[in-house]
2 protein chains.
Amino acid sequence: MKEGPDIALIGSLIGDPARANMLTTLMTGKALTASELAAEAGITAQTASSHLSKLEVAGLLTQRKQGRHRYFALADDEVGNLLEAMMGLAAKRGHMRARTGPRDPALRKARVCYNHLAGDYGVRMFDSMVARDFLAEEGEEIFLTEEGEGFVGELGIALPDLEKSRRPLCRSCLDWSERRTHLAGALGTGLLDRFYDLGWAHRIEGSRVVSFTSEGERRFRECFPEA
Amino acid sequence: MKEGPDIALIGSLIGDPARANMLTTLMTGKALTASELAAEAGITAQTASSHLSKLEVAGLLTQRKQGRHRYFALADDEVGNLLEAMMGLAAKRGHMRARTGPRDPALRKARVCYNHLAGDYGVRMFDSMVARDFLAEEGEEIFLTEEGEGFVGELGIALPDLEKSRRPLCRSCLDWSERRTHLAGALGTGLLDRFYDLGWAHRIEGSRVVSFTSEGERRFRECFPEA
DNA sequence: TTCATACTTCGATCATAACCGAAGCATGAA
DNA sequence: TTCATGCTTCGGTTATGATCGAAGTATGAA
């Protein structure tokens with residue numbers, strides 16, 4: 001009986017893992033750029049672009065152009081509610097995401113979260129800097145203290161350059177593997193870039209894994225002692 | 001690469017047109033055999049068998065063997081509510097199936113939503129009961145008030161029986177055609193069953209339409225006056 | 001201007017899964 | 001027993017769509 005609305009269309013849109021990842025990420029309510037969503041879903045920009053346009057045409061996402069960026073967000077509350085309902089059902093049935101793969105342990109240890117360090121190392125760095133009062137938390141906001149400015153300066157980071165960009169210097173980001181906060185923002189990006197420059201670590205091609213050299217690992221642990 | 005429930009699995013299951021047809025058909029609340037569902041979806045028995053086993057493994061359907069037949073039904077209310085929510089979103093976005101037949105107006109007027117009354121009449125009943133303080137809303141939760149207990153008692157509903165079940169007595173459900181709340185839960189089911197028993201209405205075979213007799217319609221309007 | 005970034009479009013590859021024919025199993029009837 | 005029905009399993013075909021490389025467009029920065 002072909003009566004009523006077409007749920008298969010919406011189902012198939014949510015049914016693709018890459019799109020489901022994007023939608024889940026957007027459940028935070030924050031609008032994200034196409035590249036951020038691509039990184040989150042673990043796909044290239046081309047593929048993400050195709051997915052995002054499908055989701056927008058179907059009315060699940062809205063798009064806002066801002067300069068070179070395109071920010072995507074869930075179209076409205078109803079979409080969020082539907083996703084929430086699906087998560088509820090999935091959780092009840094025990095359908096958790098499969099997370100078994102050879103790359104997985106490396107991903108949990110250290111990976112890029114769009115442009116900054118995440119995973120165990122990302123959280124460790126953040127905690128260590130907070131413990132030594134280099135970073136101060138005020139609610140959602142995070143500030144670099146005066147001592148912190150000295151610290152990152154010694155590391156060889158040019159703060160004035162970072163402050164020139166319109167991005168906030170410090171932002172918090174929630175880690176899916178650790179379920180704790182790590183450092184994002186211009187400083188988060190700056191620190192990771194500095195680790196690359198210092199030769200402590202490098203990106204694994206075609207993956208989000210950040211691989212530390214043994215020397216780099218030693219220096220990193222020295223630099224960010226556990227609290 | 002995210003933590004949390006796997007909505008993609010459920011989405012992809014609902015996302016196949018053949019399976020979506022089967023699930024929509026089962027929204028009538030009646031258990032149907034594998035062959036009936038195959039015919040409904042327009043596929044062969046082999047293909048249907050494969051679909052049905054996937055849906056059962058995922059926990060969306062339950063199966064009951066009876067002789068040579070296998071009867072399938074939606075696993076529980078939550079599945080029905082999710083499907084209804086998806087229909088709501090699809091309808092709002094204009095994603096209707098190609099063939100919207102003459103039965104459509106009847107569907108909007110009164111239909112079963114898995115096991116309770118939906119459509120114009122479902123919303124009217126809910127609104128009327130809220131307006132007279134028979135039902136009280138507290139955020140997402142809905143309660144039957146003391147006056148409400150008296151009211152449904154007069155209608156001939158045995159509350160103790162309903163309360164024995166583990167299902168919540170009252171739950172809200174979003175209506176895709178009216179875009180408003182109607183009553184689900186054990187009481188929602190109980191009320192619809194009572195309308196059948198009283199001869200006010202009956203199900204149209206092979207459809208979700210609930211057809212009221214002219215006498216039944218009169219009594220229903222009397223019983224649930226518009227606010 | 002030139003260069004870099006952010007994103008899209010095109011084209012081709014490739015993996016998944018929907019599908020059905022044929023055969024097999026289980027139940028019930030004759 | 002034999003036959004019919006309801007459903008499942010197996011095997012092979014086919015269509016869909018997810019993916020990425022390469023190239024193109026648009027915006028902003030130098």
Side-chain angles (χ1 to χ4, degrees), chain A residues 6 8-23 31-58 60-73 98 101 112 114-115 158 160-167 186 189-190 193 205-208, chain B residues 1 6 8-23 31-58 61-73:
Chain A
D6 184 8
L9 205 171
I10 292 186
S12 67
L13 284 172
I14 302 177
D16 175 77
R19 284 191 294 257
N21 276 333
M22 293 177 171
L23 290 168
L32 295 172
T33 66
S35 335
E36 286 170 322
L37 290 167
E40 200 65 35
I43 52 179
T44 61
Q46 307 93 291
T47 308
S49 178
S50 155
H51 285 315
L52 289 168
S53 90
K54 280 175 193 167
L55 290 170
E56 196 197 354
V57 167
L60 297 184
L61 294 185
T62 53
Q63 189 199 352
R64 180 166 45 86
K65 261 184 93 166
Q66 203 167 70
R68 292 186 277 196
H69 299 276
R70 298 208 175 181
Y71 285 89
F72 290 87
V112 282
Y114 183 40
N115 53 19
D161 288 351
L162 297 183
E163 282 164 343
K164 261 189 290 185
S165 91
R166 269 166 313 175
R167 296 174 60 198
T189 305
D193 287 343
E205 194 65 30
S207 142
R208 295 173 61 196
Chain B
M1 291 298 184
D6 185 6
L9 205 170
I10 292 186
S12 68
L13 285 172
I14 302 176
D16 177 77
R19 285 192 293 256
N21 276 333
M22 294 178 169
L23 290 168
L32 295 172
T33 66
S35 336
E36 285 170 320
L37 289 167
E40 199 66 35
I43 51 178
T44 61
Q46 308 94 290
T47 308
S49 178
S50 157
H51 284 315
L52 289 168
S53 89
K54 281 174 193 169
L55 289 170
E56 197 197 354
V57 167
L61 294 185
T62 52
Q63 187 196 359
R64 181 163 44 87
K65 259 184 97 166
Q66 203 166 72
R68 289 186 280 196
H69 299 276
R70 299 207 174 181
Y71 285 90
F72 290 88

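Residue numbers begin at 1 in each chain, while the letters A, B, ... track the order of the sequences.
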remark   = From CD1 of B:I14 across to P of C:dA18 the rounded distance in Å is 14 Å

task = Take atom NZ of A:K54 and atom P of D:dT16, then tell me their distance rounded to the nearest Å.
result = 13 Å

ask   = A:D16 has an atom CG; how far is it from atom P of D:dT16, in whole Å?
value = 17 Å

request  = Answer yes or no: does a side-chain N or O of B:T44 lie under 4.0 Å from OP1 or OP2 of C:dC19?
outcome  = no

key: Audit row: A:E56, A:S53, side-chain hydrogen bond (donor to acceptor under 3.5 Å, both in side chains) steps and yes/no   = CA-CA 5 Å; A:E56 196 197 354; A:S53 90; over 6 Å; no

key: Whole-Å gap separating P (D:dT5) and CZ (B:R70)   = 19 Å

Euclidean distance, atom CG of residue B:L9 to atom C1' of C:dT16 [Å, nearest integer] = 14 Å

ask   = Can you name the nearest heavy-atom pair linking B:A58 to B:L13, along with the distance?
value = CB-CD1, 3.2 Å

message = If the condition is side chain to side chain donor-acceptor pair (under 3.5 Å), which residues does B:Q46 pass it with, not counting sequence neighbours?
response = B:T44

request  = Describe the nucleic acid contact of B:S50 in one word from base, sugar-phosphate, nothing, applying a heavy-atom distance below 4.0 Å.
outcome  = nothing

request  = Could you check how far NE2 of A:H69 sits from C1' of C:dT8, rounded to whole Å?
outcome  = 16 Å

query = Looking for any heavy atom pair under 4.0 Å, which part of the strands does B:A34 touch: base, sugar-phosphate only, or nothing?
reply = sugar-phosphate

remark   = On a heavy-atom basis, the closest approach of A:S12 and A:L9 is OG-O, 2.9 Å

ask   = Between atom CG in A:L13 and atom C1' in D:dG17, what is the gap in whole Å?
value = 12 Å

query = Contact class for A:A48 vs. all strands (heavy atom < 4.0 Å): base, sugar-phosphate, or nothing?
reply = nothing

key: Atom-pair distance (CD1 on A:I43; C1' on D:dG17), nearest Å   = 13 Å

Contact under 4.0 Å: A:H51 side-chain N or O vs D:dG17 OP1/OP2 = no

message = Measuring only between side-chain heavy atoms, which start at C-beta, is B:H69 closer than 4.5 Å to B:R64?
response = no

inquiry  = Just N and O in the side chain of A:T47: are any of them under 4.0 Å from OP1 or OP2 of D:dT19?
reply    = no

query = Is there side-chain contact between A:Y71 and A:Q63, with heavy atoms separated by less than 4.5 Å?
reply = no

ask   = Which sits closer to the 5' end of DNA chain D, B:S49 or A:S12, going by the nucleotide each is nearest to?
value = B:S49

Residue B:R19, side-chain heavy atoms: nucleotide from D:dT19, C:dA18, C:dT8 that is nearest = C:dA18

request  = At under 4.0 Å between heavy atoms, which parts of nucleotides 22-30 of chain C does protein reach? Answer with one letter per nucleotide, 5' to 3': B base, S sugar-phosphate only, - none.
outcome  = B----BS--

ask   = Out of A:T62, A:L32, A:T33, A:L37, which one pairs with A:F72 under the side chain to side chain contact (heavy atoms under 4.5 Å, CB included) rule?
value = A:L37

